[in-house]
Amino acid sequence: MNLVLNSSAFLSFTEGIFVQVIKLFTKMGDVAKDLAAGTVGGVAQLVVGHPFDTIKVKLQSQPTPSPGQLPKYSGAIDAVKKTLAAEGAGGLYKGMGAPLATVAAFNALLFSVRGQMETILRSAPGAPLTVNQQVIAGAGAGFAVSFLATPTELIKCRLQAQGSGSGSAAVAEAGAAAAAAVKYGGPMDVAKQVLKSEGGIRGLYKGLFPTFAREVPGNATMFGVYEAIKQYMAGGTDTSGLGRGSLMMAGGLAGGAFWVSVYPTDVVKSVIQIDDFKNPKYSGSIDAFKKILKSEGVGGLYKGFGPAMGRSVPANAACFLAYEITKSSLG
């Protein structure tokens, strides 16, 4: 009798362990799917959107012209023309090495954390999330990716903002003209110089707080809008039957919503990250915000907004479509 009871208990215990192992591997499988799908989505987003991002950063980082002088770029089209004339088509893809090298990790992390947040927030396994729950999941994902986004964006912004071509660029700073040689030879060179002369790892995380202020509300908005549009088009919470065109529309509009909600924060982040380490123009994010507002008005906080929006819609349409197709193909 005891033998039977002990055997039954052992079988129950073993069955329990087996079930937990299966659950663990299933969970790991979901994470792997999000990792793979996020990676593919990120590559699609980068290829489509990087030229727009380059123009955005050039407009954001150009110095305020002295009284009576014209700005270096009169607008997005002018920035494109001057970049092509001085640097060729490759100039539009300047700084792409840094995000390309980390795009797998960035988007894999973003979509994986979002996926795990969805698992936590679900009322039952497989249950669809509400729009509000997607907002929370997006905010959590945004917080996580900020730690990876900050050094990547610092490297990218510095390469995009610097001059090229002849080896020097005329830079107007504080009303005086100065010649500035091209400082960085590439992404690794930026990282080496920052680590060596700007406080080590801390230097690579310059702009962390404005990155938080961009990524957390931005991704909360993006994923919330994405889900809301999908549910609207599907006529309910089951969005599995939506076609590629619908997914692209939802993704594009969601990406646009990201920038509409946080764009001034992105401007502050960019100027902080390219600010001179030894002779800084800004003491911090609040100081940068105040000085931009004082010297350039509200328009200064929206420099490069056109290219950002022009990039965001097609880039995020490509990203979300690639993500959904890849995840679906993985079962």
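Quick caveat: nothing in here was measured; it's all calculated off a predicted structure.
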Residue pairs involving residues 304-321 (criterion side chain to side chain donor-acceptor pair (under 3.5 Å); sequence neighbours excluded): Gln45-Asn316, Ser312-Asn316
Looking at side-chain heavy atoms only, is the closest gap between Thr54 and Lys58 below 4.5 Å? yes
Side chains of Phe111 and Phe223: closer than 4.5 Å at any heavy-atom pair? yes
Less than 4.5 Å apart, side chain to side chain, heavy atoms only: is that true for Asn107 and Cys319? yes
What's the shortest heavy-atom distance between Met222 and Ala254, and which atoms? O-CB, 3.3 Å
Tell me, with the steps shown, if Asp189 and Gln193 meet side chain to side chain contact (heavy atoms under 4.5 Å, CB included). CA-CA 6 Å; Asp189 189 41; Gln193 290 195 42; 3.0 Å; yes
Can you tell me if CZ on Phe305 sees more than 12 non-hydrogen neighbours from other groups inside 6.0 Å? yes
Side chain proximity check, Ile292 to Val267, heavy atoms < 4.5 angstrom: yes
Verdict with supporting geometry, His50 and Leu92, side chain to side chain contact (heavy atoms under 4.5 Å, CB included): CA-CA 7 Å; His50 193 79; Leu92 294 174; over 6 Å; no
Pair Phe258 + Tyr263: ring centers closer than 6.0 Å: no
Taking every heavy atom of Asp34 against every heavy atom of Tyr323, the minimum-distance pair comes out as OD1-OH, 2.7 Å
Measure the spacing between OG1 of Thr39 and CG of Leu109 and express it to the nearest 0.5 Å. 10.5 Å
Determine, using the 4.5 Å side-chain heavy-atom cutoff (strictly less than), whether Leu129 and Val113 are members of one ILVMFWY cluster. yes
List the atom of Ser261, the atom of Thr221, and the distance in Å for their closest heavy-atom pair. OG-OG1, 3.7 Å
So does Thr150 get a backbone contact from the side chain of Tyr205, meaning a donor-acceptor N/O pair under 3.5 Å? no
pair Cys157-Lys269: side-chain heavy atoms closer than 4.5 Å: yes
Residues 62-95 vs ring pair (Phe, Tyr, Trp, His ring centres under 6.0 Å), sequence neighbours excluded, gives none
Given the rule that I, L, V, M, F, W and Y join up when any side-chain heavy atoms are under 4.5 Å apart, are Phe209 and Leu204 in one cluster? yes
Do any N or O atoms from the side chain of Gln133 and from the backbone of Leu121 form a donor-acceptor pair under 3.5 angstrom? yes
Please confirm whether the backbone N or O of Leu148 pairs with a side-chain atom of Thr152, one donor and one acceptor, at under 3.5 Å? yes
Same cluster (ILVMFWY, side-chain, under 4.5 Å), Tyr282 and Leu301: yes
Roughly how far apart are Ile77 CD1 and Ile55 CD1, rounded to 0.5 Å? 9.0 Å
CG-OG1 distance between Asp78 and Thr83, expressed to the nearest 0.5 angstrom: 9.0 Å
Could I get the full list of salt bridge (Lys or Arg N to Asp or Glu O under 4.0 Å) partners for Lys56, not counting sequence neighbours? Asp53, Asp266
So does Leu293 have more than 12 non-hydrogen atoms from other groups sitting under 6.0 Å from CG? yes
Look at the side-chain heavy atoms of Ile, Leu, Val, Met, Phe, Trp and Tyr, link any pair under 4.5 Å apart, and say whether Leu59 and Leu70 land in one connected group. no
For the side chain of Lys82 and the backbone of Lys72, is there at least one donor-acceptor N/O pair under 3.5 Å apart? yes
In this structure, OG of Ser74 is separated from CD of Gln62 (nearest 0.5 Å) by 9.0 Å
In plain terms, say whether Glu153 and Arg214 are close enough for a salt bridge, that is, a side-chain N and a carboxylate O under 4.0 Å apart. yes
In the single-linkage hydrophobic clustering (I, L, V, M, F, W, Y; side-chain heavy atoms under 4.5 Å), do Phe212 and Ile201 co-cluster? yes
Less than 4.0 angstrom from a charged side-chain N to a carboxylate O is my criterion; do Lys281 and Asp276 meet it? no
Quick one: list whatever passes salt bridge (Lys or Arg N to Asp or Glu O under 4.0 Å) with Asp287, sequence neighbours left out. Lys291
Looking only at non-hydrogen atoms, find the nearest pair between Pro307 and Gly304 and report the distance. CD-O, 3.1 Å
Leu195 CG: over 12 foreign heavy atoms closer than 6.0 Å: yes
Within the structure provided, determine whether Val260 and Met309 are in side-chain contact (heavy-atom separation under 4.5 Å). yes
Residue pairs involving residues 293-310 (criterion salt bridge (Lys or Arg N to Asp or Glu O under 4.0 Å); sequence neighbours excluded): Glu296-Lys303
Drop me the distance from Leu208's CG to Ser285's OG, to the nearest 0.5 angstrom. 9.5 Å
As an exercise, state the distance from CZ of Phe320 to OH of Tyr226, rounded to the nearest 0.5 Å. 6.0 Å
Would one find more than 12 heavy atoms of other residues, nucleotides or ligands at under 6.0 Å from atom CE of Met117? yes
Under the criterion side chain to side chain contact (heavy atoms under 4.5 Å, CB included), I'd like the reasoning laid out for Arg244 against Ile325: C-alpha separation, chi angles, the key distance, then a yes or no. CA-CA 9 Å; Arg244 294 184 178 184; Ile325 289 176; 3.6 Å; yes
Identify the two heavy atoms, one from Ala257 and one from Val225, that lie closest to each other, and give their separation to 0.1 Å. CB-CG2, 3.8 Å
Is the closest side-chain heavy-atom distance between Leu253 and Val313 below 4.5 Å? no
For Phe147, I'd like to know if atom CZ has over 12 heavy atoms of other residues, nucleotides or ligands within 6.0 Å. yes
Hey, does Val271 have a side-chain heavy atom less than 4.5 Å from the side chain of Asp275? no
Has Thr326 got a side-chain atom pairing as donor or acceptor with Ala322's backbone, closer than 3.5 angstrom? yes
Residue pairs passing the salt bridge (Lys or Arg N to Asp or Glu O under 4.0 Å) test with at least one member in residues 193-210, sequence neighbours excluded, are Arg158-Glu198
Residues Ala318 and Val48: closest non-hydrogen pair is CB-CG2, 4.1 Å
Could you give me the CA-CA distance, side-chain angles and deciding distance for Lys230 and Leu247, then say whether side chain to side chain contact (heavy atoms under 4.5 Å, CB included) is met? CA-CA 7 Å; Lys230 285 201 304 177; Leu247 293 174; 3.9 Å; yes
Yes or no on side chain to side chain donor-acceptor pair (under 3.5 Å) for Asp238 and Ser240, after CA distance, side-chain angles and deciding distance? CA-CA 6 Å; Asp238 183 6; Ser240 59; 2.7 Å; yes
